[in-house]
Chemist: 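Take this structure, written in structure tokens, and hold onto it; I'll ask about it next.
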Number of protein chains: 2
Amino acid sequence: MKAVSPELSVADLRERCHQAGLSLTHQRLVIYEQLMKMGDHPAPEAVFERVRKKIPSLSLATVYNNIKIFVEHGLLRELSVHRGSLRLESNLDPHHHLVCTNCKAIEDIDESDFQPIRLKKALPKGFTVHRFSVEVLGLCSNCAGKIRQ
Amino acid sequence: MKAVSPELSVADLRERCHQAGLSLTHQRLVIYEQLMKMGDHPAPEAVFERVRKKIPSLSLATVYNNIKIFVEHGLLRELSVHRGSLRLESNLDPHHHLVCTNCKAIEDIDESDFQPIRLKKALPKGFTVHRFSVEVLGLCSNCAGKIRQ
DNA sequence: CTAACTGCAAAGTGTTTGCACTCTT
DNA sequence: AAGAGTGCAAACACTTTGCAGTTAG
């Protein structure tokens, strides 16, 4: 449905690992390749299952370890910013969020503070839209001071 | 910084519970009140700590149970749609997401498919914006068939 | 009085860590 | 060889569940 994401080649991976002082192991390579092949925002378990077919001895911990390393080095991004624990919303009015990617703080922004969100193209057939939610991702004033990024 | 969320009153809560055949226990009431008072998208643990001061015998399981019930009855919303597990993004190009709130599937939508996101007002002082991320929340064609909602 | 709820402890998930062994460089 | 990575098992953090006793309606 969507254009394939721009894959970094294995050469890119080698280069990136080298720059970061990381070894390029067979496991690492296969995990990375598999992640690139799976366009659907996989969870670690799903990656594990796939990679296991190529390297049966691979352990789930290695998948986690390497995913973490990839995220830390900017080869991947974590989609689920607030995965740690259940976060609740008591404001049921339409609004959006300001999210600090460092301390995970969330602040509401009124929907009316934005120009209306509009699509140029139709969405995939059959998808029923309930609402749009905009996340403004960045660093809060507190964290911006502490981090160079 | 932001207008207080529109609180449902205790009378509303009583009404909602009644309609749903739920008892309105003291614990339930206090948990609800506390949730409404905490504007900052609390995690269950944070609610627990606060409510405990009023009801020292309260257990964390009761907080979880009631939060779940509140979400099921539309009194609260869960902010962390993908909390269960780590979800990864291999597409590092600017893009947004189509999220099925039922099966949690995520599909990418190109940033260029949207009119540019624009704010009318300035953000709170000191917030450093890295990027905007739009989530189009709804039901995928698959789930839309199975659920009336 | 009865169905629903609470508190506790135990069981589940998903993720991280310590350590001995192995591999990349 | 030396440092980095792997696999395993144990530890963790967060959440859910089963059940006996309690409470709201």
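The analysis underlying the following values was restricted to heavy atoms, covering all of them including side chains, and did not include hydrogens, waters or symmetry mates. Residue numbering restarts at 1 for every chain, and letters A, B, ... go by the order of the sequence lines.
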Chemist: Rounded to whole Å, please give me the gap between NZ in B:Lys68 and P in C:dC5.
Modeler: 13 Å

Chemist: What's A:Asn65 touching, base or sugar-phosphate or nothing? Going by heavy atoms closer than 4.0 Å.
Modeler: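 Touches a base.
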
Chemist: State whether B:Gln27 places a side-chain N or O below 4.0 Å from either non-bridging phosphate oxygen (OP1 or OP2) of C:dG7.
Modeler: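 Yes.
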
Chemist: Select from A:Asn66 and B:Pro44 the residue whose nearest nucleotide in DNA chain D is closer to the 5' end of that strand.
Modeler: A:Asn66

Chemist: Less than 3.5 Å apart, any donor N or O on the side chain of A:Asp113 or A:His96 sitting next to an acceptor on the other?
Modeler: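 No, no side-chain donor-acceptor pair sits under 3.5 Å.
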
Chemist: Rounded off to whole Å, could you give me the CZ-to-P distance for the B:Phe70 and C:dC5 pair?
Modeler: 10 Å

Chemist: Taking CD from A:Glu78 and C1' from C:dG14, how many angstroms apart are they, rounded to a whole number?
Modeler: 13 Å

Chemist: Atom CD of B:Glu45 to atom P of D:dT16: distance rounded to whole Å?
Modeler: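 B:Glu45 atom CD is separated from D:dT16 atom P by 14 Å.
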
Chemist: Mind listing the closest non-hydrogen atom pair of A:Cys140 and A:Cys100 along with its distance?
Modeler: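 Looking at all heavy atoms of both residues, the shortest contact is N-SG, 3.4 Å.
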
Chemist: Which of these, A:Lys68, A:Lys104, A:Arg83, sits in a salt bridge (Lys or Arg N to Asp or Glu O under 4.0 Å) with A:Glu78?
Modeler: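 Exactly one pass, corresponding to A:Arg83.
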
Chemist: Determine whether B:Val71 and A:Leu88 make a side-chain contact, defined as any pair of heavy atoms from C-beta on separated by less than 4.5 Å.
Modeler: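 Answer yes - side chains close enough.
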
Chemist: Take the protein atom CZ of A:Arg28 and the nucleotide atom P of D:dA4, then report the distance between them rounded to whole Å.
Modeler: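 Going from A:Arg28 (CZ) to D:dA4 (P), I get 11 Å.
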
Chemist: Once rounded to the nearest 0.5 Å, what's the spacing between atom CG of A:Leu98 and atom CD1 of A:Ile106?
Modeler: 10.5 Å

Chemist: Taking only residues two or more places apart in sequence, or in another chain, which ones meet A:His95 in a ring-ring contact (aromatic ring centres under 6.0 Å, His included)?
Modeler: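 In terms of ring-ring contact (aromatic ring centres under 6.0 Å, His included), with neighbours along the sequence ignored, A:His95 is linked to A:His97.
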
Chemist: In whole angstroms, how far is the P atom of C:dG12 from the CG atom of A:Leu86?
Modeler: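 Distance check: A:Leu86 CG to C:dG12 P gives 22 Å.
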
Chemist: Using side-chain hydrogen bond (donor to acceptor under 3.5 Å, both in side chains), reason through A:His41 and B:Asp108 one step at a time and then give a plain yes or no.
Modeler: CA-CA 9 Å; A:His41 308 275; B:Asp108 291 355; 2.5 Å; yes

Chemist: Rounded to whole Å, how long is the line connecting atom CD1 of B:Ile69 with atom P of D:dT16?
Modeler: 12 Å

Chemist: State, with a plain yes or no, whether a side-chain heavy atom of A:His73 is found less than 4.5 Å away from one of A:Leu22.
Modeler: yes

Chemist: Of the nucleotides C:dA9, C:dT17, C:dT6, which one has an atom closest to the side chain of A:Ala61?
Modeler: C:dT17

Chemist: Could you check which residues of residues 50-60 of chain A get a heavy atom under 4.0 Å from DNA chain D? Sort them by number, please.
Modeler: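 The stretch gives A:Ser57, A:Leu58, A:Ser59 as the residues lying under 4.0 Å from the strand, ordered by number.
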
Chemist: What are the two closest non-hydrogen atoms of A:Leu60 and A:Phe48, and how far apart are they?
Modeler: N-CE1, 3.4 Å

Chemist: Measure the distance from CZ on A:Arg83 to C1' on D:dA13 and round it to the nearest whole Å.
Modeler: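 Distance, rounded to whole Å: 11 Å.
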
Chemist: When you compare the protein's N or O atoms with those of nucleotides 21-25 of chain D, which come within less than 3.5 Å of each other, and at what distance?
Modeler:
| unit_1 | atom_1 | unit_2 | atom_2 | d |
| --- | --- | --- | --- | --- |
| D:dG25 | OP1 | B:Leu24 | N | 3.3 |

